[in-house]
2 protein chains.
Amino acid sequence: MKHEELGRVYCSLARTWSVIGERWTMLIIREAFRGTRRFDEFQQRLGVGRNVLSNRLGRLSDEGIFERVRYQQSPDRYEYRLTQKGMDLYPVLLTLMRWGDLYKVDDPPVRLYHKGCGELASPELRCSHCGEPVGFHSLRAKYAPDAW
Amino acid sequence: MKHEELGRVYCSLARTWSVIGERWTMLIIREAFRGTRRFDEFQQRLGVGRNVLSNRLGRLSDEGIFERVRYQQSPDRYEYRLTQKGMDLYPVLLTLMRWGDLYKVDDPPVRLYHKGCGELASPELRCSHCGEPVGFHSLRAKYAPDAW
DNA sequence: CAGTATCCTCGAGGATACTG
DNA sequence: CAGTATCCTCGAGGATACTG
């Protein structure tokens, strides 16, 4: 199965993967959350090839994850801003980061503070209905008959 | 930067990505959560090449995400079970799935019910300290000086 | 069954020069 | 600056035969 074909399978995970599952994509999105918006900034901070970056920014814009916004005229210059759809990848970024915090580093390179309560935040998944923490063992998965 | 080098950068996301950021890895892990444990089951359900599967299962076992458990003697046969470290990838899987539910499919192929309250669960990230939902806008990130 | 071995293809990614 | 174009490398992945 080719990378692109993942997007046509009836599985939400596989389809998401077809969008963000290449080496640089998630790192580019991470940079965007950090505030990076312009081509050369992305290029320098990540050290990614210009052709690859160009391709990814284009594809992510087509996908609706980035919006190209003109910030200057003649010559026209554009910057890349996360859309709501892009912002909605934040939970993915966060859970990836937290697993790494737990298993891949000694000290977390990034600490998150919850503006609401002021505390060091350890975001965790909870049931939106009852508010209890949820994990694999507390959830029952029901597959559609034609799920992949 | 090569894929493997991502694991040496001081960034939890990049290091996590160096473990699970290849095309098949996350899908193999997803299958494992679904209950799949044996080589040929993985191979048939995913349609992944045997050599690739062999390589991934080996690497994920070395990494401590799978544990090889002998289930038969002469000839010895092993199956692959998620360890706690592997189970801890569930939040990643779940957030990837939910983004896909939201943007990439009409009907979610998998529905999750919370055993605790019985309701259809929409897991969301909340502050483990105060229990409030958290997102990009309600968190303040503090980077270590040598963070990538 | 659960792999290993072999051979092949293709595309992701790197390096670099060039352009408006 | 923000890209595009070109050329190259390398490795991920596919197909398939083989083994204990």
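Scope of the values below: all heavy atoms of this structure, side chains included, with no hydrogens, waters or symmetry mates. Chain naming here is simple, since letters A, B, ... match the order of the sequence lines and numbering starts at 1 in each.
Both distances falling under 3.5 Å, in either a Watson-Crick or a G-U wobble arrangement, place dA17(C) opposite dT4(D).
Checking the phosphate oxygens (OP1, OP2) of dG3(C), a side-chain nitrogen or oxygen of Tyr80(B) falls inside 4.0 Å. Distances shorter than 4.0 Å separate none of the side-chain N or O atoms of Tyr78(B) from OP1 or OP2 on dC1(C). Taking 4.0 angstrom as the limit, Ser54(B) places none of its side-chain polar atoms (N or O) nearer than this to OP1 or OP2 of dG3(C).
To the nearest angstrom, C1' of dC1(C) lies 10 Å from CD of Gln44(B). Protein atom NE2 of His3(B) is 16 Å distant from nucleotide atom C1' of dG11(C), rounded to whole Å. Atom CD in Gln72(A) sits roughly 8 Å away from atom P in dA2(D) (whole-Å rounding). At whole-Å resolution of the value, CE in Met1(A) and P in dA12(D) are 19 Å apart. At whole-Å resolution of the value, CZ in Arg59(A) and P in dT4(D) are 14 Å apart. Put simply, CZ on Arg81(A) is 13 Å from P on dA2(D), counting in whole angstrom units. Per the geometry, CG belonging to Leu6(A) stands 12 Å off P belonging to dA12(C), to the nearest Å. Atom CG of Leu53(B) is separated from atom P of dA2(C) by 11 Å (rounded to the nearest Å).
Counting distance only, with no hydrogens placed and no angle test, the side-chain atoms of Arg50(B) and the base atoms of dA15(D) include no donor-acceptor pair under 3.5 Å. Between the side chain of Asn51(A) and the base of dG3(D), no donor-acceptor pair of N or O atoms lies under 3.5 Å.
With 3.5 Å as the limit, one finds a donor-acceptor pair spanning the side chains of Asp88(A) and Gln84(A).
When all heavy atoms of Val110(A) and Asp101(A) are compared, the closest pair comes out as O-OD2, 4.4 Å.
In this structure, Glu22(B) pairs ionically with Arg59(B), as a charged nitrogen and a carboxylate oxygen lie closer than 4.0 Å. Between Glu63(B) and Lys85(B), at least one side-chain nitrogen of the basic residue sits less than 4.0 Å from a carboxylate oxygen of the acidic one, meeting the salt-bridge criterion.
Cluster membership check: Tyr10(A) does not share its hydrophobic cluster with Trp99(B), using side-chain heavy-atom separations under 4.5 Å among Ile, Leu, Val, Met, Phe, Trp and Tyr.
Contacts classified as side chain to side chain donor-acceptor pair (under 3.5 Å) and involving residues 36-50 of chain B (residues at least two apart or in different chains) are given here: Glu31(B)-Thr36(B), Thr36(B)-Arg45(B), Arg37(B)-Glu79(B), Arg38(B)-Glu79(B), Asp40(B)-Arg50(B).
The aromatic rings of Trp17(B) and Trp17(A) sit tilted relative to each other, their planes meeting at an angle between 30° and 60°.
Scanning residues 10-43 of chain B for heavy-atom distances under 4.0 Å to DNA chain C yields Arg38(B), Phe39(B), Asp40(B).
Projected onto DNA chain C by closest heavy-atom contact, Pro75(A) and Glu79(B) fall at different nucleotides, the more 5' of which corresponds to Glu79(B).
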